[in-house]
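Single-structure report; data block below.
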Amino acid sequence: MSFDTTSMSSDLPFLGPRSGPSSMDLQQLSRRPKHHVSPTLGELMQLVGNSNVVVPNENNVFETLHSSPFVLSFNNLTYSVKTPRKITLSNALNGGKVSVSNTKVLLDDISGEAREGEIMAVLGASGSGKSTLIDALANRIAKERLKGSVMLNGEVLESKLLKVISAYVMQDDLLFPMLTVEETLMFSAEFRLPRTLSKAKKKARVQALIDQLGLRSCAKTVIGDEGHRGVSGGERRRVSIGIDIIHDPIVLFLDEPTSGLDSTSAYMVVKVLQRIAQSGSIVIMSIHQPSYRIMSLLDKLIFLSRGQMVFSDNTSKLPEFFAQLGNPIPENEDRTEFALDYIRELEISGAGTKPLVDFYKSWSRNQNRETNLFQGAKMSLKDAISASISRGKLVSGATNIDSNLSSTVSTFANPFWVEVVVIAKRSMLNSWRSPELYAIRLGAIVVTGTILATMFRNLDNTPRGIQERLGFFAFAMSTMFYTCAEAIPVFLQERYIFMRETAYNAYRRSSYVVSHSIIAIPSLIFLSFVFACITFWAVGLAGGSMGFFTFLMFIFASFWVGSSFVTFLSGVVAHVMLGYTVVVAVLAYFLLFSGFFITRDRIPAYWLWFHYISLVKYPYQGVLQNEFDDPNKCFVRGTQIFDNSPLGAIPDAMKVNLLKSISRTLGVNITSSTCVTTGADILSKQGVTDIDKWGCFWVTIALGFLFRVLFYFALLVGSKNKRR
């Protein structure tokens, strides 16, 4: 029984005939005509819903639209870093020692060009500089550290313009695990496509992209993670690519998109990249060791060795290069494996790769003279972008181009409020499908509230009851802060997703901060209401319904400032365990200086500043004033003044006699029913009269907003995502 493997493989969306080197030469595979142009997502979208339109054949209809209007060129790129290690050399002149910084060159005079419709692959061993070169081209290295130039159509690319017309796909798949493939791409469309585009057209664009990426069979499947079954590794990688190409970028950078994938999945990913390139994009990627079939999809190769270029040209020129070098590639051997192994052997040899680098420079000059391969872009950058937009590439909503490209292209596709709504919608959907974190927090509040309600049940107004109330308030307020510690991993889990999305202006950092602040409020109100209902009447707190409402507001204020503080800390600290350690320590200090353990007038002057920055001070002081501000309520009468002293154990008759003696001595009539301690006396004794009740409330709320603002600046400083 025999099978027609050629016809079977052609029926699959990505797989081609499995021809080996012996049956078909790589040069013939890689040099087939590629100057046809596949329809862009915009053009595919325009066909949606029109039953009279036949989808064009990508080999003829779009062939004549244009011919490589975009050319990305880079010249003399050099980048070095100083390592922390230092080499100490002896100074022969004066016998002293000189410390010399150890500088490592990651890129050394790298030049080349990439054209629209082609895939350029950067190859080399680990540490050769592949990812560094991709970062340099994608403007992910600080300008003051990178030497050389990167130009598009002969014009220097400004950072603002590059962010809009390009996309960068990281090596790791940074996705929300509880969103489906379709939802993930739809949220990306909401961020990257302009508000002027209707919801229906955005959905049509997403559906076209799903088909282009070959994800139709898993469109309704969640991404998944270690605890939830989801899509496969190859499908995750294609989703990662999809979220960054939803706006049809002109330039697409990818850092090892096939890393960790099996050969079939890797081939499918590169096949998708070929379609993207043929739709009018420049695709530049790093790849560790491509298979023979993947090599057939690549147009240009760059081989790097320790930051130096050892080969850069079309894939078909690789055999010619090594033949002229005097080391021809054997007929039945994989060409990239041979090249990488040969380069590696030179790296570990004594001579190094300098002879190979020198030979490449000479060979490259001869190639340019003989064939005159270099041809500049036929169109200016302004005209090329205009043509690209007219073909359906939205470029974040730009509709017209003037002489100042950076001012024409919007930095963000959508206004601030749209971003806030979309971020909130995505966060709530993700939280709804993984409610464990909120459920645990709610459970902690219920358990803590129940313990406090039963421990401090029906407190009286005796001196002992006063001390118990003070203890209840101190523990209750500190509990609000400690239960907020669960918010630490929330942002840390999203940190790199946030950095990826904001690096290329999917949304503003301020939108992220405001959105997460808004969606936190309803949950904090609910938690506050649950805790207040459990404890207020069970403990026997004062004030009636108005007292309950005030107590509820201070519980919410405590949650708000605690959540804001922990959120700010998560923007500063990069590790969960370190974050928990810092939160526990700092909140312990806040409780120590809150005024419960030691009153304000007893705190040493050099520590008084910590008392005023303590987040526990203000809600603790507020609930005390709410409890003890009734001028008609008495807490200590007559003989009760002896209750907290050794005299509390003597008979009541003797206490009455002692009161009479005290009355005669002081000249004041004190009986068993005389009020000797009011709420005002308690507040004065606790040192909580410097700020009134509502002043404490608004200070607490203001501190919460302050930490949200500090969180924004932490994101602004800590998420620039550029090498220094």
(message) Among T184, D173, D172, which residue satisfies the side chain to side chain donor-acceptor pair (under 3.5 Å) criterion with S240?
(response)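 Going through the options one by one, the only one that passes is D173.
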Which value, rounded to the nearest 0.5 Å, describes the distance between [X] atom [atom1] and [Y] atom [atom2]?
| X | Y | atom1 | atom2 | value |
| --- | --- | --- | --- | --- |
| R275 | L213 | CZ | CG | 9.0 Å |
| T315 | L298 | OG1 | CG | 7.0 Å |
| E501 | R192 | CD | CZ | 9.0 Å |
| Y496 | L174 | OH | CG | 9.5 Å |
| E256 | R237 | CD | CZ | 9.5 Å |
| I223 | D225 | CD1 | CG | 10.5 Å |

Have a look at [X] and tell me which of [options] forms a side chain to side chain contact (heavy atoms under 4.5 Å, CB included) with it.
| X | options | result |
| --- | --- | --- |
| V269 | I241, T264, L254 | I241 |
| L77 | I141, L133, D109 | L133 |
| F303 | L318, T353, V122 | L318 |

(message) A167: which residues meet the side-chain contact (heavy atoms from CB on, under 4.5 Å) condition with it, sequence neighbours left out?
(response)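 Partners of A167 under the side-chain contact (heavy atoms from CB on, under 4.5 Å) test: D244, H247, P249, L252.
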(request) Taking the side chain as every heavy atom from C-beta outward, state whether P177 and H228 have any atom pair closer than 4.5 Å. (result)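 Side-chain contact under 4.5 Å: no.
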Any donor-acceptor pair under 3.5 Å linking the side chain of [X] with the backbone of [Y]?
| X | Y | answer |
| --- | --- | --- |
| K147 | T78 | no |
| R306 | E347 | yes |
| S279 | I276 | yes |
| E320 | K317 | no |
| D299 | I119 | yes |
| D262 | S265 | yes |
| S296 | R293 | yes |
| R236 | G224 | yes |
| R344 | A125 | no |
| N153 | V71 | yes |

How far apart are the closest heavy atoms of [X] and [Y], and which atoms are they?
| X | Y | value |
| --- | --- | --- |
| L137 | L162 | O-CD2, 3.9 Å |
| K202 | L193 | NZ-O, 3.8 Å |
| S312 | I302 | OG-CG1, 3.6 Å |

(request) Verify whether one side chain among N75 and S111 offers a donor that lies under 3.5 Å from an acceptor in the other. (result)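 On atom types as modelled, these side chains do not qualify, holding no pair under 3.5 Å.
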(message) If the condition is ring-ring contact (aromatic ring centres under 6.0 Å, His included), which residues does Y342 pass it with, not counting sequence neighbours?
(response)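 Listed in chain order: F322.
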(request) Would you please classify the geometry between the W363 ring and the F321 ring as parallel, tilted or perpendicular, with 30° and 60° separating the classes? (result)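 Perpendicular.
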(request) Please state whether the rings of F191 and Y507 are parallel, tilted or perpendicular, taking 30° and 60° as the class boundaries. (result)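 The rings of F191 and Y507 sit tilted, inter-plane angle from 30° to 60°.
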(request) Report yes or no: is the cationic atom of R426 (NZ for Lys, CZ for Arg) under 6.0 Å from the centre of the six-membered ring of F176, at an angle within 45° of the ring normal? (result)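 Output no; distance or angle outside limits.
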